[in-house]
J.: 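This is the structure, below, for whatever I ask next.
FYI, the numbering just counts along the sequence from 1.
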Amino acid sequence: MIKDMESIVVEKVWLTDTAIWIRTAGGREAYENFADYQRLKWATPVQRANYSISSSGIHWRELDEDLGFEGFFQEKKRNPLYDLFMAHPELNASAIARRLNIAQSLFAQYISGTKKTSKERLEEILSTIRMIGCELAAV
């Protein structure tokens, strides 16, 4: 069993074709869809299965992706970044995070809605994406 700082005790982790699931010692089950995380969305089944578990969550070293256990139980609210990245899977969230000098894990939380961006940060992100669009249009 795994226990994290928030007293979430996870006794089982398993994969389906579309999601990763957890079950707590209390019997609660929750999942995260691979489609909600660009790196997991495009990963092969072998890459998805190559994860490790810590006291705080699940980690894919090869994919540089982390999911915290507490996030499995938080209400997911759609937001403009989520909608943008789901509508345009060709956008590389990791590359945009690097360009913005934002940690990939924080940027993923902005996209998934587990962390809310300030108005200024959202405009900075959208401005950077527009700039990339202009650069591509100039090619």
J.: Assess the residue pair Leu81 and Leu126 against the criterion (side-chain contact (heavy atoms from CB on, under 4.5 Å)); give the C-alpha distance rounded to whole Å, side-chain angles, the decisive distance to 0.1 Å, and a yes or no.
T.: CA-CA 8 Å; Leu81 288 177; Leu126 295 176; 4.2 Å; yes
J.: Out of curiosity, Ser56 OG to Asp66 CG, how far, rounded to the nearest 0.5 Å?
T.: 8.0 Å
J.: State, to 0.1 Å, how close Trp60 and Gln47 come at their nearest heavy-atom pair, and which atoms those are.
T.: CD1-O, 3.4 Å
J.: Passes side chain to side chain donor-acceptor pair (under 3.5 Å), Asn79 versus Tyr110? Steps please.
T.: CA-CA 9 Å; Asn79 67 66; Tyr110 288 157; over 6 Å; no
J.: What's the separation between atom CD in Gln104 and atom CD1 in Ile96, rounded to the nearest 0.5 Å?
T.: 11.5 Å
J.: Enter the distance from Thr16:OG1 to Asn33:CG here, rounded to the nearest 0.5 Å.
T.: 8.0 Å
J.: Roughly how far, to the nearest 0.5 Å, is CD1 of Ile22 from CZ of Phe69?
T.: 6.0 Å
J.: Given the rule that I, L, V, M, F, W and Y join up when any side-chain heavy atoms are under 4.5 Å apart, are Met131 and Leu136 in one cluster?
T.: no
J.: Enumerate the salt bridge (Lys or Arg N to Asp or Glu O under 4.0 Å) contacts for residues 79-93, please, sequence neighbours excluded, ordered by first and then second residue.
T.: Arg78-Asp83
J.: Do side-chain atoms of Arg23 reach the backbone of Val13 as a donor and acceptor pair under 3.5 angstrom?
T.: no
J.: With heavy-atom distances below 4.5 Å as the criterion, would you say the side chains of Lys115 and Leu106 are in contact?
T.: yes
J.: In Å, rounded to the nearest 0.5 Å, how long is the span from OG of Ser94 to CG of Leu63?
T.: 9.5 Å
J.: Can you tell me how far the OG1 atom of Thr117 sits from the CD atom of Gln109, to the nearest 0.5 Å?
T.: 12.5 Å
J.: Taking Ile132 as the starting point, is it possible to reach Leu84 by hopping between hydrophobic residues whose side chains are less than 4.5 Å apart?
T.: yes
J.: Side chains of Leu15 and Tyr51: closer than 4.5 Å at any heavy-atom pair?
T.: yes
J.: Who passes side chain to side chain donor-acceptor pair (under 3.5 Å) against Arg121, sequence neighbours left out?
T.: Glu124
J.: Same cluster or not: are Val46 and Trp14 linked, directly or through other Ile, Leu, Val, Met, Phe, Trp or Tyr residues, by side-chain heavy atoms under 4.5 angstrom apart?
T.: no
J.: Please test Glu29 against Trp21 for side-chain contact (heavy atoms from CB on, under 4.5 Å), starting from the C-alpha separation and ending with a verdict.
T.: CA-CA 7 Å; Glu29 292 183 351; Trp21 285 77; 4.1 Å; yes
J.: Are there more than 12 heavy atoms of other residues, nucleotides or ligands under 6.0 Å from atom CZ of Arg61?
T.: no
J.: Please assess Tyr37 against Glu32 for the test side chain to side chain donor-acceptor pair (under 3.5 Å), listing each intermediate value before the final yes or no.
T.: CA-CA 9 Å; Tyr37 300 89; Glu32 290 286 348; 3.1 Å; yes
J.: Linking I/L/V/M/F/W/Y whenever any side-chain heavy atoms sit under 4.5 Å apart, do Ile111 and Trp42 land together?
T.: no
J.: Check this for me: does any side-chain nitrogen of one of Arg130 and Glu123 sit under 4.0 Å from a carboxylate oxygen of the other?
T.: yes
J.: Under 3.5 Å, is there a donor-acceptor pair between the side chain of Arg48 and the main chain of Asp17?
T.: yes
J.: Would you call the rings of Phe107 and Phe85 parallel, tilted or perpendicular, where under 30° means parallel and over 60° means perpendicular?
T.: perpendicular
J.: Starting from the C-alpha separation in whole Å, work towards a yes-or-no answer on side-chain contact (heavy atoms from CB on, under 4.5 Å) for Ile8 and Phe72.
T.: CA-CA 11 Å; Ile8 296 175; Phe72 280 75; over 6 Å; no
